[in-house]
2 protein chains.
Amino acid sequence: MEKQTVTIYDVAREAAVSMATVSRVVNGNPNVKPATRKKVLAVIERLDYRPNAVARGLASKRSTTVGVIIPDVTNIYFASLARGIDDIAMMYKYNIILTNSDDAGEQEVNVLNTLMAKQVDGVIFMGNHIDDKLRAEFKRAKAPVVLAGTVDPQGDTPSVNIDYAAAVEEAVTNLINRGHTKIALALGSLSQSINAEYRLTGYKRALNKAKLPYDDSLVYEAGYSYDAGTKLQPVIADSGATAVFVGDDEMAAGIINASVESGVKVPDDLEVITSNNTIITQITRPAITSITQPLYDIGAVAMRMLTKLMNDKELDEKTVTLPYGIVRRDSTKVED
Amino acid sequence: MEKQTVTIYDVAREAAVSMATVSRVVNGNPNVKPATRKKVLAVIERLDYRPNAVARGLASKRSTTVGVIIPDVTNIYFASLARGIDDIAMMYKYNIILTNSDDAGEQEVNVLNTLMAKQVDGVIFMGNHIDDKLRAEFKRAKAPVVLAGTVDPQGDTPSVNIDYAAAVEEAVTNLINRGHTKIALALGSLSQSINAEYRLTGYKRALNKAKLPYDDSLVYEAGYSYDAGTKLQPVIADSGATAVFVGDDEMAAGIINASVESGVKVPDDLEVITSNNTIITQITRPAITSITQPLYDIGAVAMRMLTKLMNDKELDEKTVTLPYGIVRRDSTKVED
DNA sequence: TATTTTCATGAAAGCGATTTCAAATGCTTT
DNA sequence: AAAGCATTTGAAATCGCTTTCATGAAAATA
């Protein structure tokens with residue numbers, strides 16, 4: 001019971017024109033006499049003809065499809081970027097092939113290769129770390145790649161981000177200005193350059209500016225999860241830190257809840273600032289002060305850049321840095 | 001600077017065999033002499049040949065791509081399903097074209113059509129409501145469609161779900177057993193059949209069984225958001241309800257926080273049960289008792305069904321119902 | 001009216017694979 | 001050594017569209 005499929009040839013025959021002409025009307029080519037166009041359109045309507053995008057892709061060498069590599073769709077941070085990407089892609093008539101990489105290097109390379117095999121016109125890559133292997137693949141790929149919410153310190157790959165270092169620096173400086181001298185930094189893996197080379201840098205810069213000593217033992221490398229947060233909290237409490245900057249909202253929620261439950265008052269005994277301003281920051285009590293990032297826009301801008309590259313246009317700037325903000329909630333004291 | 005692309009023809013020439021033979025080794029066809037295979041493989045390696053999936057798709061009429069229609073990737077509920085879908089898809093060597101529909105009927109139809117144009121081998125549909133228009137499109141599509149976490153009361157479309165009605169019935173019955181007689185029901189739009197035809201039904205069944213009267217004014221149709229929850233809370237408080245079943249976790253969080261802040265004690269003055277067991281249910285204080293659903297599995301099973309359909313196999317059952325559970329947290333009192 | 005230009009159209013050559021069918025090769029078996 | 005069978009291979013058609021190039025028709029210019 002294979003469903004009959006109508007091809008451009010059928011339309012051409014019924015409309016008594018050539019396939020070329022049908023192709024022209026389908027693609028909005030202006031070199032078609034209005035009367036002819038109308039006739040063809042009528043046949044298309046009548047036969048319910050839908051162009052086969054695969055055949056078109058083969059013939060034109062453009063698939064109007066872009067690959068999106070994401071660590072994990074269930075991660076709200078990356079999902080938000082993905083939403084921005086998809087909206088803009090749709091606006092430009094591109095479709096998205098979405099694949100989860102779990103942040104695993106090997107998987108990222110595999111996925112990139114299957115995407116290239118599918119002849120995607122471009123790729124948006126999101127991930128926490130970019131190594132040489134990956135860079136080499138990007139270079140080898142015959143479609144442009146743009147990084148979204150993903151830093152590559154060594155980057156010649158176009159990318160869209162906020163200035164993570166500056167954001168952390170500002171947040172930590174705020175803390176310092178309120179008199180804190182022992183400020184903890186709770187991150188995910190330091191093997192990820194966003195942590196090792198940006199957040200940590202911002203943290204150090206803030207300390208430096210204030211002439212505060214950098215203390216290694218106040219930097220925690222835990223997982224990014226609620227449970228990691230609850231487990232880390234007593235450690236932070238023991239360290240004598242009176243404030244903490246956290247790299248992930250769920251983790252921050254874990255720290256907050258564990259603090260409250262163990263009698264550590266937030267923000268009186270411990271001020272907390274987190275990074276991603278997800279809904280979680282509004283739900284905890286106290287609600288969490290956070291860096292704000294234009295997540296949707298990061299994705300959207302990345303996709304816009306990619307469309308330019310896919311059309312062989314020049315990029316105004318290879319690395320775009322979007323503005324961040326800091327929204328004060330109840331996990332920090334009021335500024336003097 | 002178009003990058004050179006090596007085709008099956010190049011490989012054939014270099015290996016001094018025909019394209020057919022190369023095709024055979026690439027596709028693991030056993031009818032190739034080991035020596036030949038080895039020779040071809042060597043050339044493939046040397047030239048770094050990657051088969052063009054688009055050409056293959058055209059010739060074989062299978063794209064090894066499936067379309068996934070999702071209301072919104074940033075919705076953790078659907079994103080979880082999507083993760084299950086993608087993992088299984090990858091296992092079976094399929095790729096996912098992911099598109100957001102915003103639950104808008106028109107957009108859903110559009111998206112389905114572009115997916116069909118891209119010659120996807122199958123489609124997984126997630127959404128909150130299925131109308132006749134959509135059903136007609138499903139029928140018209142020449143690729144199989146499976147619903148994931150999406151009910152169609154009128155369904156001849158294969159689907160994977162939990163028994164929403166039974167879950168709500170059980171949750172509400174628990175509440176009733178603890179002596180509540182005025183139980184509110186906070187849902188999203190009643191135009192969505194999951195609410196109107198399943199959750200509401202379960203709610204009524206529970207009341208019925210307990211010979212409690214059904215009171216229209218205890219059923220609230222609000223949006224599914226944190227803010228909707230905070231706004232709804234005073235209304236619920238005024239109604240005199242002593243317990244509430246909520247259709248969405250963020251909304252439940254809003255109700256909980258607003259209650260606590262207005263002096264309504266949870267669970268003493270108001271017991272709350274929610275639906276999706278997302279991380280949010282662990283983060284609020286009190287944490288929220290919830291129905292648990294195997295979200296990942298719903299997606300995974302749906303994708304498994306789809307692979308069967310795409311290979312013209314029979315389905316054991318057209319409608320699969322996965323088990324749900326209820327996890328007690330602190331927003332409900334302890335069972336006697 | 002004759003000559004250019006411009007416009008509209010069609011023929012046919014790809015795009016890079018799969019797949020069918022027939023031919024060639026290699027082994028067994030008499 | 002001949003016949004028969006199974007195994008390997010290749011030639012060529014095909015998938016459904018885009019795109020180039022040539023051509024005829026129509027419009028503009030001289």
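Excluded from the calculations below are hydrogen atoms, water molecules and symmetry mates; all remaining heavy atoms, backbone and side chain alike, are included.
- Note: CE (B:M19) to C1' (C:dT20) measures 14 Å, nearest angstrom.
- Taking every side-chain heavy atom of A:A20 into account, C:dG10 is the closest of C:dA17, C:dG10, D:dC17.
- Whole-Å rounding puts the B:K61 NZ to C:dT20 P distance at 13 Å.
- In this entry the distance linking NZ of A:K118 with C1' of C:dG16 reads 16 Å, nearest Å.
- Spacing between atom CG of B:N31 and atom P of D:dT7 amounts to 8 Å, rounded to whole angstrom units.
- Summarising the geometry, the separation between CZ on A:R24 and P on D:dG16 is reported as 21 Å, rounded to the nearest angstrom.
- Atom pair B:R56:CZ and C:dT19:C1' shows a separation of 13 Å (rounding to whole Å applied).
- Within 4.0 Å of A:V17, counting heavy atoms only, lie sugar-phosphate atoms of the nucleic acid but no base atom.
- For A:I8 and D:dC17, the CD1 to P distance is 5 Å, given to the nearest whole Å.
- Between A:S23 and D:dT18 there is a side-chain polar atom (N or O) within less than 4.0 angstrom of OP1 or OP2.
- Out of D:dA11, C:dA17, D:dG16, the shortest distance to the side chain of B:S18 is found at D:dA11.
- Following rounding to the nearest Å, A:R62 (CZ) and D:dT18 (C1') show an atom-to-atom distance of 13 Å.
- For B:T21, counting side-chain heavy atoms from C-beta on, the closest listed nucleotide (C:dA11, D:dT9, D:dC17) is D:dT9.
- Looking at the side chain of A:A59, the nearest of the listed nucleotides D:dT8, D:dT18, D:dC15 is D:dT18.
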inquiry  = Please evaluate residues A:K118 and B:T65 with respect to the criterion side chain to side chain donor-acceptor pair (under 3.5 Å), reporting the C-alpha separation (whole Å), side-chain torsions for both, the decisive distance (0.1 Å), and the verdict.
reply    = CA-CA 9 Å; A:K118 294 249 163 156; B:T65 301; 2.8 Å; yes
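- Under 4.0 angstrom from either OP1 or OP2 of C:dA17 there lies at least one side-chain N or O belonging to B:Y49.
- Residues B:V68 and B:F125 have side chains not in contact (no heavy-atom distance under 4.5 Å, counting atoms from C-beta outward).
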| said: Between A:I44 and A:V26, is the side chain to side chain contact (heavy atoms under 4.5 Å, CB included) condition met? List the steps. | reply: CA-CA 9 Å; A:I44 287 178; A:V26 166; 3.9 Å; yes
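- As judged by a 4.0 angstrom heavy-atom cut-off over every strand, B:V26 is placed among residues making no nucleic acid contact.
- Applying the 4.0 Å criterion to OP1 and OP2 of C:dT19, one finds that B:S60 has every side-chain N and O outside that range.
- Counting non-hydrogen atoms under 4.0 angstrom, B:A16 reaches the backbone sugars and phosphates but no base.
- Nearer to the 5' terminus of DNA chain C, by closest-nucleotide assignment, is the contact made by B:L58 (compared with the other of B:L58 and B:K33).
- A:T7 comes within 4.0 angstrom of sugar-phosphate atoms only, judged by non-hydrogen atoms across all strands, and of no base.
- Between A:N52 and D:dC15 there is no side-chain polar atom (N or O) within less than 4.0 angstrom of OP1 or OP2.
- We find that B:R135 and B:D132 are joined by a salt bridge, their nearest charged nitrogen and carboxylate oxygen being less than 4.0 Å apart.
- When atom types are taken as modelled, the side chain of A:D121 and the backbone of A:S63 share a donor-acceptor pair closer than 3.5 angstrom.
- When only modelled atom types and interatomic distance are considered, B:Y296 and B:D87 share a side-chain donor-acceptor pair under 3.5 Å.
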